[in-house]
Amino acid sequence: MALMVVGGLSACEAPAPANLPFAPSYEGVRTALMEDDLVKFDVAMRGARGPGDVERYAECAAAQYALIRGYGFARHLRTKVEEEAGLWRGDAVYTVSPALPRGVRTIDAEVVTAACAENGIPMV
């Protein structure tokens, strides 16, 4: 008598996790002034859904930093993101300025800091 098993192994697999709530842990921001208007932000967080969450954390830091320096705007130059063992790190560089800088990746610091506060993303 032959025993036929169809899909037997798939029944043993654990189900995919349901949509888990987003509960990040922001591990801090380190700021380094590279030139008068050029600033580097090193951020770290756990629980990121991907690089975009790390980039937003750095953007929040840049916006708050611009306001602290008395500037209203920042321009994103680059962000490098990496993840290791659940710790996400971002290395972002922005210019800060009192007037809207040229370029397509500019941010209004007041608008961005308000959005960051509303979304519970800490700033500098």
Side-chain angles (χ1 to χ4, degrees):
M1 180 192 268
L3 180 61
M4 184 176 207
V5 178
V6 177
L9 291 178
S10 65
C12 296
E13 293 176 13
N19 289 336
L20 297 174
F22 178 51
S25 172
Y26 297 98
E27 305 288 322
V29 177
R30 193 173 58 218
T31 305
L33 184 62
M34 299 170 74
E35 291 182 22
D36 288 341
D37 65 347
L38 189 65
V39 188
K40 180 178 180 229
F41 300 91
D42 291 313
V43 299
M45 69 183 290
R46 293 188 182 279
R49 296 168 291 199
D53 289 334
V54 181
E55 292 167 0
R56 274 186 288 288
Y57 185 24
E59 181 180 66
C60 290
Q64 182 66 38
Y65 182 86
L67 291 177
I68 289 169
R69 294 272 317 265
Y71 297 141
F73 301 93
R75 182 168 58 100
H76 178 258
L77 298 178
R78 69 144 173 86
T79 300
K80 297 177 186 176
V81 176
E82 58 185 41
E83 184 270 338
E84 183 177 328
L87 180 64
W88 291 80
R89 294 185 184 277
D91 167 2
V93 177
Y94 283 81
T95 59
V96 292
S97 62
L100 183 64
R102 298 175 73 183
V104 294
R105 302 203 53 195
T106 60
I107 61 173
D108 180 321
E110 287 185 12
V111 172
V112 171
T113 55
C116 295
E118 184 176 309
N119 290 302
I121 303 172
M123 296 169 271
V124 176

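Only heavy atoms go into these numbers, but all of them, side chains included; no hydrogens, no water, no symmetry mates.
Inter-residue side-chain proximity for Leu33 and Tyr65 is flagged as met; some heavy-atom pair is nearer than 4.5 Å. Contact of the Tyr94 side chain with the Lys40 side chain is not registered, since no non-hydrogen atoms from C-beta on lie closer than 4.5 Å.
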- Message: Under the criterion side chain to side chain contact (heavy atoms under 4.5 Å, CB included), I'd like the reasoning laid out for Val39 against Met34: C-alpha separation, chi angles, the key distance, then a yes or no.
- Response: CA-CA 5 Å; Val39 188; Met34 299 170 74; over 6 Å; no
- Message: Go through it in stages, so that I can follow the logic: the residues are Thr106 and Phe73, the test is side chain to side chain contact (heavy atoms under 4.5 Å, CB included), and I'd like the CA-CA distance, side-chain angles, deciding distance and then a yes or no.
- Response: CA-CA 7 Å; Thr106 60; Phe73 301 93; 6.0 Å; no
- Report the C-alpha distance between Arg69 and Leu67 in whole Å, list the side-chain angles of each, state the deciding distance to 0.1 Å, and finish with yes or no for side chain to side chain contact (heavy atoms under 4.5 Å, CB included). CA-CA 5 Å; Arg69 294 272 317 265; Leu67 291 177; over 6 Å; no
- Task: Show your reasoning for whether side chain to side chain contact (heavy atoms under 4.5 Å, CB included) applies to Val29 and Asp42.
- Result: CA-CA 6 Å; Val29 177; Asp42 291 313; over 6 Å; no
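In terms of modelled atom types and a separation under 3.5 Å, the side chain of Arg46 and the main chain of Pro24 share no donor-acceptor contact.
Rounding to the nearest 0.5 angstrom, the gap separating the CG atom in Leu87 from the CD atom in Glu82 is 9.0 Å.
Remark: Ile68 engages Gln64, Val124 in a side chain to side chain contact (heavy atoms under 4.5 Å, CB included) (not counting sequence neighbours). Residues passing the salt bridge (charged side-chain N to carboxylate O under 4.0 Å, His left out) test with Arg49 are Asp53, sequence neighbours excluded.
Hydrophobic clustering of Ile, Leu, Val, Met, Phe, Trp and Tyr side chains at less than 4.5 Å, counting indirect connections, keeps Tyr26 apart from Met123.
For Ala66 against Val96, the heavy-atom pair with the smallest separation is CB-CG1, 3.8 Å. Listed here is the closest heavy atom pair of Ala63 and Ile107: CB-CD1, 4.1 Å. Nearest heavy atoms, Pro101 versus Arg75: CG-CB, 3.8 Å. When all heavy atoms of Val43 and Ala58 are compared, the closest pair comes out as CG1-CA, 3.9 Å.
The residue from Lys80, His76, Arg78 that alone fulfils the side-chain contact (heavy atoms from CB on, under 4.5 Å) condition with Val93 is Arg78.
Residue Glu83 places its CD atom among more than 12 non-hydrogen atoms of other residues, nucleotides or ligands, all under 6.0 Å distant.
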Could you give the side-chain donor-acceptor pairs of residues 110-122 under 3.5 Å, partners two or more places apart or in another chain?
| unit_1 | atom_1 | unit_2 | atom_2 | d |
| --- | --- | --- | --- | --- |
| Thr113 | OG1 | Ala109 | O | 3.0 |
| Thr113 | OG1 | Glu110 | O | 3.1 |
| Asn119 | ND2 | Ala115 | O | 2.8 |

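With respect to the salt-bridge test (charged N to carboxylate O, under 4.0 angstrom), the residues Arg89 and Asp91 do not qualify.
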